[in-house]
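Lettering follows sequence order; numbering is per chain, from 1.
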Amino acid sequence: MDINKKWGGVMIPSTVQLKKLIFKIGEVSKMIDVSPRQIRYWESKGFIESLRGNENSSRVYNFHNFMKISSIKYYLDQGYTLQGAIDQTAKHAKNMDFLRKFLEKSYHGIKQLDGKMAVNLGFFDAEKSKILYGLLNDDGEVQYKIVKK
DNA sequence: GTTCTAACA
DNA sequence: TGTTAGCA
């Protein structure tokens with residue numbers, strides 16, 4: 001992450017590199033509610049992949065595989081067989097890749113806007129004269145603001 | 001405490 | 001798939 005913005009005395013990331021975000025098998029297991037046994041089994045079948053740092057022999061998962069595991073779990077809960085869940089996941093792989101890219105590219109940091117926390121979502125126009133910000137109103141709903149640079 | 005592989009009262 | 005054993 002690009003830690004170069006200061007806000008409220010705390011350093012916050014101005015970009016997020018999901019490619020470098022990794023989780024251990026136990027973390028993935030708790031977050032997605034799939035057993036480590038299942039995760040290892042799916043990997044043995046070649047449905048998912050893990051990174052194995054040579055430092056130790058334990059598995060780590062990048063965001064891509066985290067989403068893949070999450071997707072398989074989702075379709076299993078929907079009633080699909082494992083193979084069916086794998087097929088559905090593969091079918092929607094493009095959507096997952098798109099979402100991952102979008103999340104990574106759309107976040108440009110956080111700043112104070114009119115006394116409120118706002119997410120910089122990047123330039124609104126091709127001329128790069130306006131910036132789109134996302135905020136949360138008092139009801140917790142997302143609202144947007146366009147600010148001239 | 002966590003993860004690994006192998007194996008199954 | 002769960003769970004346990006025995007390691008690292």
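Atom CD1 of I39(A) is separated from atom P of dT2(B) by 15 Å (rounded to the nearest Å). Between R40(A) atom CZ and dA7(B) atom C1' there is a gap of 14 Å when expressed in whole angstrom units. Following rounding to the nearest Å, L76(A) (CG) and dG2(C) (P) show an atom-to-atom distance of 11 Å. The separation between K45(A) atom NZ and dT1(C) atom P is 11 Å, rounded to whole Å. In this structure, D33(A) atom CG and dG2(C) atom P are separated by 10 Å, rounded to whole Å. Residue Y61(A) contributes atom OH, which lies 7 Å from atom P of dC4(B) at whole-angstrom precision. Straight-line distance from the NZ atom of K30(A) to the P atom of dG1(B): 11 Å, rounded to whole Å. When the C1' atom of dT2(B) is taken as reference, atom CZ of F23(A) falls 17 Å away, rounded to whole Å.
The phosphate of dC4(B) has OP1 or OP2 within less than 4.0 Å of a side-chain N or O from R59(A). Distances shown here put every side-chain N or O of R37(A) at or beyond 4.0 Å from the OP1 or OP2 atom of dA7(B). In this structure, S35(A) reaches the dG2(C) phosphate: one of its side-chain N or O atoms is under 4.0 Å from OP1 or OP2.
Remark: side-chain polar atoms of N120(A) are not paired, donor with acceptor, to backbone N or O of G109(A) under 3.5 angstrom. Remark: the backbone N or O of I25(A) is not paired with any side-chain donor or acceptor of R59(A) at under 3.5 angstrom. Proximity of a side-chain donor or acceptor of E104(A) to a complementary backbone N or O of K101(A) within less than 3.5 Å is not detected.
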- Message: Test salt bridge (Lys or Arg N to Asp or Glu O under 4.0 Å) on K94(A) and D97(A); report intermediate values, then the result.
- Response: CA-CA 5 Å; K94(A) 296 266 188 184; D97(A) 289 340; over 6 Å; no
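A centroid separation of 6.0 Å or more is found between the aromatic rings of Y61(A) and F23(A). For H108(A) and Y133(A), the distance between ring centers is not under 6.0 angstrom.
Under 3.5 Å, the side chains of Y75(A) and H92(A) contain a donor-acceptor pair of N or O atoms.
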- What pattern of brackets, bars and dots sums up DNA chain B from 5' to 3', given Watson-Crick or G-U wobble pairs under 3.5 Å, [ ] for crossing pairs and | for another strand? .|.|||||.
